[in-house]
Amino acid sequence: MKRFAEAELDAWRDRPERKPLVIRGARQVGKTHLCQTFGHTRFKHLAMINFERDPLLGGLFDRADPKDTVRLLEAHTRVPIQSGKTLLFLDEVQAAPVVLAKLRYFAEELPNLHVIAAGSLLDFTLSDHSFSMPVGRISYLHLEPMTFEEFLQACGEDGLQALLLGFLPGEEVPFALHHRLLDLLRKYLFCGGMPAAVRVFVESGSLIEVQRVQQDLLATVRDDFAKYQRRVNRDRLLKIFAALPRLVGRKFVAAQIDREDKAAAVKDAFRLLCLARVATAVWRSAGNGVPLGAQVDDAYFKVCLLDVGLYTALCGLDATALIGGGDPSLVNSGQLAEQFVGQELRAARPPYQEPALYCWAREQRTANAEVDYLFQHGSAVVPIEVKAGTTGQLRSLHQFLREKHSSLGVRLDAAPPSLFITEATLPDGVKIPLRLLSLPLYLCGQLRRLLDALG
């Protein structure tokens with residue numbers, strides 16, 4: 001199955017001032033398969049080391065001279081490691097974290113050798129390392145689950161994917177294709193973007209088999225909690241993990257998970273789940289300008305999980321609820337739609353940037369307001385409201401635009417696309433200019449391009 005990240009790897013391969021690349025992402029999002037495919041199709045040789053299978057191989061990197069290390073790696077892999085002809089792939093590098101520090105010597109002394117490192121739970125290593133990281137000597141690429149558009153390609157729907165790529169604001173999507181895309185989106189909401197689940201769905205068409213794969217993936221996530229033991233109690237992690245689905249799209253309140261546990265301990269455990277990429281905090285930002293991360297409120301955040309398919313599996317949703325009825329509101333679940341949009345927005349960020357999500361909220365007794373997501377577009381902050389169905393009020397979005405003296409907002413729902421240039425009337429009668437880009441959820445992955453087209 002083709003991943004859009006292959007284009008990023010191609011650009012990295014051809015970059016004159018290339019550095020060793022470290023691929024970061026959650027377990028089972030396809031890091032190993034991506035690198036193996038890249039190595040086999042773009043290079044004459046692929047030399048692969050898996051440190052989880054044999055942690056002792058980290059000792060091969062003890063040498064000060066990387067040329068000595070390369071000779072030892074050639075002896076071990078029985079593969080010639082030649083600049084420009086070989087991809088050296090260091091997999092599961094979290095099992096030998098000192099190797100990350102040694103990458104600086106490859107950057108300095110063997111700059112023409114293509115080196116990629118990848119691993120799960122790698123962010124634990126990067127946040128807790130006791131060695132000097134090669135700052136400025138390595139590059140990062142963040143890999144997310146497969147997006148809806150990658151799902152379309154995997155399903156052989158290249159024509160529909162091309163339709164999304166060519167769509168422009170103000171155009172229409174033919175009625176029949178709009179409903180076909182919504183039907184495929186329903187399937188994606190159940191299947192999700194974990195490559196193992198997508199592969200089973202494409203090969204078998206069986207949603208029962210997809211459910212089995214998802215349960216195996218969830219078991220793998222839970223098994224990983226044993227690796228957190230020295231940081232936090234495993235039972236606390238299991239309790240938080242089980243509670244996360246009902247917290248998606250809502251303010252994180254520790255007492256809603258465990259009234260008897262300390263809030264600080266619960267939040268610290270959630271932070272570890274974020275380091276493992278199992279979840280992402282959606283931070284409240286003031287939204288006054290960019291970067292959004294400079295204006296966050298550490299006391300207020302929402303939850304977005306790794307993958308919408310795992311979300312539906314954790315919720316115990318039946319596939320027939322998503323697919324059988326043809327309900328235009330998808331499943332009448334704002335949380336499900338918000339989860340989908342969150343992971344699509346994560347994937348839409350430049351791959352070298354840390355994954356991050358932001359929202360806006362005002363908590364006042366008589367004037368609460370909340371915008372689901374804030375999107376940084378150049379120097380502008382664009383509010384995004386997510387609706388599960390085809391209708392819904394946009395009072396919070398209007399209030400945000402009024403306070404920030406802006407006029408452009410985005411609505412994502414199940415309705416056909418439209419562009420409104422009008423005025424919005426607020427509850428107090430004040431009118432504000434409004435440019436509302438209303439998009440069906442399946443166009444979320446094209447948001448950055450469409451905002452560029454609007455200017």
Decide side-chain hydrogen bond (donor to acceptor under 3.5 Å, both in side chains) for R42 and H114; before the verdict, give the C-alpha distance in whole Å, the side-chain angles of both, and the deciding distance to 0.1 Å. CA-CA 11 Å; R42 307 303 202 274; H114 294 78; over 6 Å; no
Audit row: Q153, M1, side-chain contact (heavy atoms from CB on, under 4.5 Å) steps and yes/no: CA-CA 8 Å; Q153 282 199 341; M1 295 183 294; over 6 Å; no
Working note: K404 + N288, criterion side-chain contact (heavy atoms from CB on, under 4.5 Å); need CA distance, chi angles, decisive distance, verdict. CA-CA 7 Å; K404 309 305 175 183; N288 293 320; 2.7 Å; yes
Test M194 against L306 for side-chain contact (heavy atoms from CB on, under 4.5 Å), laying out the working first. CA-CA 9 Å; M194 302 301 282; L306 167 66; 4.0 Å; yes
Chi angles and distances behind the salt bridge (charged side-chain N to carboxylate O under 4.0 Å, His left out) call for R411, E385: CA-CA 5 Å; R411 176 175 60 196; E385 282 282 9; over 6 Å; no
Apply side-chain contact (heavy atoms from CB on, under 4.5 Å) to L374 and I384, showing your working. CA-CA 6 Å; L374 297 182; I384 300 174; over 6 Å; no
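Residues V308 and Y188 form a side-chain contact, since some pair of their non-hydrogen atoms from C-beta on lies under 4.5 Å apart. In this structure, the side chains of V386 and L441 come closer than 4.5 Å at one or more pairs of heavy atoms. Residues T86 and F43 have side chains not in contact (no heavy-atom distance under 4.5 Å, counting atoms from C-beta outward). The shortest side-chain heavy-atom distance between R277 and H142 falls under the 4.5 Å cut-off. With contacts defined as side-chain heavy-atom distances shorter than 4.5 Å, the pair D297/W283 does not qualify. Counting only heavy atoms from C-beta outward, the side chains of F400 and S396 never approach each other to under 4.5 Å. Here the side chains of M48 and L87 are not in contact, with every heavy-atom distance at 4.5 Å or above.
R63 has no carboxylate O lying under 4.0 Å from a charged side-chain N of D68, or vice versa, which leaves the two without a salt bridge. A salt bridge links R212 to E209: one of the charged nitrogens lies within less than 4.0 Å of a carboxylate oxygen. A salt bridge does not link E150 with K2: every distance from a Lys NZ or Arg NE/NH1/NH2 to an Asp or Glu carboxylate oxygen is 4.0 Å or more. We find that E338 and K302 are joined by a salt bridge, their nearest charged nitrogen and carboxylate oxygen being less than 4.0 Å apart. For R349 and E144, the salt-bridge test fails: no basic side-chain N is under 4.0 Å from an acidic carboxylate O.
Screening L397, L447, D372 for a side chain to side chain contact (heavy atoms under 4.5 Å, CB included) with V410, the sole residue that qualifies is L447.
Remark: R222 is not positioned above the aromatic ring of F241, lacking an NZ or CZ atom under 6.0 angstrom from the ring centre and at most 45 degrees off the axis.
Checked against the 6.0 Å centroid criterion, the rings of F252 and F301 qualify as a close aromatic pair. The aromatic ring centroids of F190 and F201 lie 6.0 Å or more from each other.
Ring geometry for F61 against F106 counts as tilted: the plane angle lies between 30° and 60°, on a 0 to 90° scale.
Taking CD of Q36 as the start and OG1 of T41 as the end, the distance is 11.5 Å to the nearest 0.5 Å.
Annotation: side chain to side chain donor-acceptor pair (under 3.5 Å) contacts of R15 (sequence neighbours excluded): none.
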